[in-house]
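Notes follow once the structure below has been shown.
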Amino acid sequence: QVQLIESGGGLVQAGGSLRLSCAASGLAFSRYARAWFRQAPGKEREFVAAIRWPSSTYYADSVKGRSTISTDNAKNTVYLQMNSLKPEDTAVYYCASDSSFNQLSRGSADYWGQGTQVTVSS
């Protein structure tokens, strides 16, 4: 059974930082593309960041320069480091993985995490 377990969300003041983690169990996916998406109340899910084997990274304009996506293959974990957080970053953040980077970049994934809440106060 494949699961993506997310952690690291919480309440933070504007300008603060968080590091989100997504640990995969049930399979080794070091060469799978990985991505983070987010969804705020009343809004559609949006792309945040992605990483493609071995190390190519991609970011939405809204987080570019403030966020870093990375992986730890030994732990089968993907991270999203978010700095200089803004209230508009408030959302449920989901990690996702797919064997096809092209599919993942379009919002389709073989595996999704359960989501972790990030709340940024003004």
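Side-chain atoms are counted along with the backbone in the values below, which use heavy atoms only and exclude waters and symmetry mates. This chain uses plain numbering: 1 for the first residue, then up along the sequence. Computed from a predicted structure; not experimentally measured.
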request  = Nearest 0.5 Å please: distance from the OG1 atom of Thr68 over to the CG atom of Asn83.
outcome  = 7.0 Å
request  = For side-chain contact (heavy atoms from CB on, under 4.5 Å), just list the numbers for Trp36 and Leu20, CA-CA rounded to whole Å, side-chain angles, deciding distance to a tenth of an Å, and then say yes or no.
outcome  = CA-CA 10 Å; Trp36 289 91; Leu20 308 183; 3.7 Å; yes
message = Does any part of the side chain of Ser99, heavy atoms only, come nearer than 4.5 Å to the side chain of Asp110, both counted from C-beta?
response = yes
request  = With rounding to the nearest 0.5 Å, note down the distance linking CD in Glu6 to OG1 in Thr77.
outcome  = 11.5 Å
inquiry  = Less than 4.5 Å apart, side chain to side chain, heavy atoms only: is that true for Ser17 and Gln81?
reply    = yes
ask   = At what distance, to the nearest 0.5 angstrom, does OG of Ser7 lie from CZ of Arg19?
value = 9.0 Å
request  = Would you mind reporting whether Arg52 and Arg34 have side-chain heavy atoms less than 4.5 Å apart?
outcome  = no
key: Geometric class of the Tyr58/Phe101 ring pair [parallel <30°, tilted 30-60°, perpendicular >60°]   = tilted
query = Distance-only, no hydrogens or angles: does the Asp98 side chain make a donor-acceptor pair with backbone N or O of Leu104 under 3.5 Å?
reply = no
message = Do the side chains of Asp61 and Lys64 get close enough for a salt bridge, i.e. N-O under 4.0 angstrom?
response = yes
ask   = So do Val120 and Glu88 actually touch side chain to side chain, heavy atoms under 4.5 Å?
value = no
inquiry  = Which label fits Tyr94 and Trp112: parallel for a plane angle under 30°, tilted from 30 to 60°, or perpendicular past 60°?
reply    = perpendicular
inquiry  = Once rounded to the nearest 0.5 Å, what's the spacing between atom CZ of Arg38 and atom OG1 of Thr116?
reply    = 14.0 Å
request  = Would you check if the side chain of Gln103 reaches a backbone N or O of Gly107 as a donor-acceptor pair within less than 3.5 Å?
outcome  = no
key: Straight-line distance of Ser25 OG to Ile5 CD1, nearest 0.5 Å   = 6.0 Å
inquiry  = Test side-chain contact (heavy atoms from CB on, under 4.5 Å) on Gln3 and Tyr111; report intermediate values, then the result.
reply    = CA-CA 8 Å; Gln3 295 186 43; Tyr111 309 106; over 6 Å; no
query = Do Cys22 and Tyr79 come close enough that some side-chain heavy atom pair is under 4.5 Å?
reply = no
ask   = Do Tyr32 and Leu4 share a hydrophobic cluster, counting only Ile, Leu, Val, Met, Phe, Trp and Tyr and linking them when any side-chain heavy atoms are less than 4.5 Å apart?
value = yes
ask   = Hey, are the side chains of Val12 and Thr119 touching, using non-hydrogen atoms and a 4.5 Å cut-off?
value = no
key: Check: Ser97 side chain, Ala33 main-chain N or O, donor-acceptor pair, under 3.5 Å   = yes
ask   = Would you say Asp89 and Arg66 make side-chain contact, with heavy atoms under 4.5 Å?
value = yes
Same apolar cluster (I L V M F W Y, side chains within < 4.5 Å links), Ile69/Phe47 = no
query = Do Leu80 and Leu85 belong together in a cluster built from hydrophobic side chains that touch within less than 4.5 Å?
reply = yes
query = So do Val118 and Leu18 actually touch side chain to side chain, heavy atoms under 4.5 Å?
reply = yes
